[in-house]
Amino acid sequence: MKHTIVRKKVAIITLLLGLFVSNTACAQSTPKFAVIPLTLSDNVSLPLGNEILLDVKVYDPDLVTSVLGQWRGIEVAGHHNGILRLSISENVMAVEDAQTRHSQYLANTFVIDYEEASVKAVTEAFLSDYGKGVKAENEGKGASVQETKVESYSAEVGAEIEAFVANYITEPSYIHSFSFASTVAKSKSGDCTEYAVLAAALARALAIPARVVIGTIIVDDGSTVEAIGHAWNELWLDGRWWSIDAAMYGAESLNTFYLPSHILSNEGPGYALSLSKAVLNSPESITVVQKR
């Protein structure tokens, strides 16, 4: 009962935070956060190509520069009057830190609660659909989530998790503030954060280190471009962090750029404070200065 009360209180805090960062109140077909103002310089036309130069207005340029240093494919040239000048490619990859504790990204937590019955059922469904390359350590129906493991930590497994979660959530919606993995497993509903927490829970249940990244995606379909607050995952596969994005699975775009703001590091009852860091680091506006 105490655990339930804590979750309800935290959910209220997160709902207020969600109202602050989102400008959309109704359900949509595409699960995403608030749209961030984006403009193109006069010399820039669509499509953008696979690398672009941006001016990004942020609250704390030094802090954001430090955060972006965790990824390759993003180069910060400097900042002036709160505007970061940076280049970004479509191939952004997290830098592996020798001090990164992978055990942190394997834990069953308040938010990524893969030991709950609803998530165990999701894991069993995944194993049924994608048994090749993934097996239960103990044979038979009695094998638990804790007894399952990935036979090969290949990028292919990450792609399978992405596809499975994309198809599992059948009601993309904005009506949720920030749901736990077990809640998403039951409701099969949510926006990009729900896709991300469920994908992380499924990966961890299969002994794959997984984390939730919150930031901005710039999506170019050739005729229009927009910047959207978003959440996705990084999974430790083949000796490095691989990005997957179940919420955008199957989306038709010529170019997609991922600009991270925060790795969800606090997955306990105080996770709303971690989300506030993502809000603080998020762009206020973006200008595409040049395409390369």
Would you say the side-chain atoms of Ser282 pair up with the backbone N or O of Ala278, donor to acceptor, closer than 3.5 Å?
yes
If every non-hydrogen atom of Asp221 is compared with every non-hydrogen atom of Thr224, which pair is closest and at what distance?
OD1-N, 2.7 Å
Is the backbone N or O of Asn43 less than 3.5 Å from a side-chain atom of Ser41, with the two atoms forming a donor-acceptor pair by type?
no
Can you see which heavy atom on Ile263 is nearest to which on Arg211, and at what distance?
CD1-CZ, 3.6 Å
Quick one: salt bridge (charged side-chain N to carboxylate O under 4.0 Å, His left out) pairs with a partner in residues 270-292, sequence neighbours left out?
Glu51-Arg292
Is a side-chain N or O of Asn255 found less than 3.5 angstrom from the main chain of Gly49, in a donor-acceptor match?
yes
Tightest non-hydrogen contact, residues Gly82 and Pro61, listed as CA-CG, 3.7 Å
Does any pair with a residue in residues 261-273 pass salt bridge (charged side-chain N to carboxylate O under 4.0 Å, His left out), and if so which ones, sequence neighbours excluded?
Arg204-Glu267
Aromatic ring proximity, centroids under 6.0 angstrom, Tyr249 and Tyr195
no
Rounded to the nearest 0.5 Å, what separates atom CG in Leu68 from atom CD1 in Ile74?
5.0 Å
Minimum-distance pair of heavy atoms, taken over all atoms of Asp245 and Ala231
OD1-O, 4.1 Å
Pairs where residues 56-69 contributes a residue and the test side-chain hydrogen bond (donor to acceptor under 3.5 Å, both in side chains) is met, not counting sequence neighbours:
Asp62-His79
Between the main-chain N or O of Phe178 and the side-chain N or O of Thr193, is there a donor-acceptor pair closer than 3.5 Å?
no
Taking Ser274 for its side chain and Tyr271 for its backbone only, find out whether a donor-acceptor pair lies under 3.5 Å.
no
Is the ring pair His102/Trp236 parallel, tilted or perpendicular, if the boundaries are 30 and 60 degrees?
tilted
Output yes when a side-chain donor or acceptor of Asn233 lies under 3.5 Å from a complementary backbone atom of Ala196, and no otherwise.
yes
When you measure from the side chain of Asp113 to the backbone of Ser182, do you find a donor-acceptor pair of N or O atoms at a distance under 3.5 Å?
yes
Sidechain-backbone polar pair: Gln290 side chain, Leu53 backbone, donor-acceptor under 3.5 Å:
no
All heavy atoms of Val213 vs all of Trp71, minimum pair found to be CG1-CZ2, 4.2 Å
Which class fits the ring pair Trp241 and Tyr105: parallel under 30°, tilted 30 to 60°, perpendicular over 60°?
perpendicular
